[in-house]
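Counting starts at 1 for both ligands and their atoms, in listed order.
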Amino acid sequence: MDKNQTLNLRRKHIGPSCKIFFSHDPIKIVRAKGQYMYDEKGQRYLDCINNVAHVGHCHPDVVKAGAEQMEQLNTNSRFLHDNLVLFAQKLQATLPERLSVCYFVNSGSEANDLALRLAWQYTNNRDVITLENAYHGHVSSLIDISPYKLQHQSDAPSPDVYRGKYRADHADPATAYADEVKDIIDKAHSKRRKIAAFIAESLQSCGGQVIPPAGYFQQVAKHVRKAGGVFIADEVQVGFGRVGSHFWAFQLQGDDFVPDIVTMGKPIGNGHPMSCVVTTKEVAEAFMSSGMEYFNTFGGNPVSCAIGLAVLDVIEKEDLRGNAVRVGRHLTHLLEKQKEKHLLIGDIRGVGLFVGVELVRDRTKLTPATAEAQEVIYRLKEEHILLSADGPHRNVLKFKPPMCFSVEDADLVVEKIDLILTGTLP
Ligand SMILES: Cc1ncc(COP(=O)(O)O)c(C=O)c1O
């Protein structure tokens, strides 16, 4: 179909709130492989943003596992099937011992919604604390708690040591930010409200690639648990080895931190819609004690589980965590050099293949360079490189590419950013 025809049909039949990238000249992608996407004319684009195609777009092992299982059987999880239990076992092996019970669902939103239900049932409390600028999903329960869309009183300051309330020059930002959570708890108690949960991404993604100071989660967990609540770590964007050194981003905080509930999504199925909530035996038993069955038509079906197992195998077999460490280090090193050269680059922060580049007009006042960030994104698109800008001011360039992203890919994109910022790109 001609691209304009596709666009016209989309305008006619698809809800206008479903936004499209580069709306003035959208890209029509017809196939993809590894870290590359191809448009209808065969033009190749380097994908620096797709953390869903985690082990690479259309990875043959994942495609084969899904197709073979589809030929055999697909049904709900009310029958015994090896794929379900093997996937749960293999996923558990990546987590601390305590996190041993899985619920398979179909999207990040569903996972977080179920996590809230688990927390409400386990604690018998109701209030949920989130971080400023957070986004946890599109279902009603999450829109209610996601400040990315609406601000609330129970939003704790984002633990951002570059632009946030307590910065790198603060003696102990982890404690200062955790004390803010304690204040919210105290205020809730003074109004006779009780805390069910604190929910945060292990690294804030939509919030602007924020990396919380080490020790912050331990202290928050202590305050929240003392108040009778649980800690929910949202790993929907940042899990499955993206940070390289660890399988889960919450593990960056240290071995002494274990959340009560972990939610997973996007990369788990490499594009196949599936997700998971993992929790402790105690939380799962409390959920059971409500007496209500939990049934999910598609969650944990044999095809999804075959795909999930294949994704875990590829991460291991191709040492994608090792690649994230090596390429991530190379990318941040190149970007640091750009920071020395271009005043517009205020901050480079990242772990593994989760890297943010914050653009500012003034390094002291930190005036967000929002229009400049958009310009970089648009110019890169003209160079057939896909990057996005996020954060509350839309001035943070976000790198979260498929995990097969290479040193050469990093060289190419940073070279183009350099040319754009120097103003010498033809
Ligand atoms: C951190 C985080 N949690 C949850 C979600 C919701 O996931 P989904 O779109 O699969 O429902 C998203 C989606 O962008 C997300 O970024």
- Message: Quick check: Cys206 and ligand 1, any N/O pair under 3.5 Å apart?
- Response: no
- Item | Lys187 and Asp183 ion-paired at < 4.0 Å | no
- Which residue and non-hydrogen atom of the protein lie closest to atom 13 (C) of ligand 1, and at what distance in Å? Lys266 NZ, 3.2 Å
- Task: Below 4.0 angstrom from a heavy atom of Ser107, which ligand 1 atoms are there? Numbered from 1 as shown, please.
- Result: 10 (O), 11 (O)
- Between Asp39 and Lys3, is there a salt bridge with N-O shorter than 4.0 Å? no
- Query: Which protein non-hydrogen atom lies closest to atom 12 (C) of ligand 1, naming both residue and atom, and how far is it?
  - Reply: Tyr135 CE2, 3.7 Å
- Donor on one side chain, acceptor on other, Gln92 and Ser100, under 3.5 Å: no
- Which residue owns the protein heavy atom closest to atom 3 (N) of ligand 1, what's the atom, and how far is it? Asp234 OD2, 2.8 Å
- Task: Quick one: do Val413 and Phe399 satisfy side-chain contact (heavy atoms from CB on, under 4.5 Å)? Show the steps, please.
- Result: CA-CA 10 Å; Val413 61; Phe399 286 87; 3.8 Å; yes
- Query: Under 4.0 Å between a Lys/Arg side-chain N and an Asp/Glu carboxylate O for Lys317 and Asp61?
  - Reply: yes
- Task: Would you mind telling me if ligand 1 is within reach of the side chain of His136, the backbone, both or neither, using heavy atoms under 4.0 Å?
- Result: backbone
- Message: At less than 4.0 angstrom from any non-hydrogen atom of Glu201, what atoms of ligand 1 do you find?
- Response: 1 (C)
- Note on the structure: Note: ligand 1 atoms sitting under 4.0 Å from heavy atoms of Gly108 are 6 (C), 7 (O), 8 (P), 10 (O), 11 (O)
- Message: Using ring centroids (six-membered ring only for Trp), state whether Phe104 and Phe87 fall under 6.0 Å.
- Response: yes
- Are Glu110 and ligand 1 in contact, using a heavy-atom cut-off of under 4.0 Å? no
- Message: What verdict does the side-chain contact (heavy atoms from CB on, under 4.5 Å) test give for Leu335 and Ile345, after you've listed the backbone C-alpha separation in whole Å, the side-chain angles of each residue and the deciding distance to 0.1 Å?
- Response: CA-CA 9 Å; Leu335 290 167; Ile345 300 182; 5.7 Å; no
- Query: Can an N or O of Gln237 be found at a distance shorter than 3.5 Å from an N or O of ligand 1?
  - Reply: yes
- With Asn395, which of Glu358, Gln374, Arg361 fulfils side-chain hydrogen bond (donor to acceptor under 3.5 Å, both in side chains)? Glu358
- Pairing of Lys165 and Glu132 as salt bridge, 4.0 angstrom limit: no
- Proximity of Asn112 to ligand 1 by residue part, where a heavy atom lies under 4.0 Å: side chain
- Message: If the cut-off is 4.0 Å to any non-hydrogen atom of Gly137, which atoms of ligand 1 fall inside it?
- Response: 6 (C)
- Message: Which residue and atom name correspond to the protein heavy atom nearest atom 11 (O) of ligand 1, and how close is it?
- Response: Ser109 OG, 2.5 Å
- Any atoms of ligand 1 less than 4.0 Å from a non-hydrogen atom of His138? List them with their elements. 11 (O)
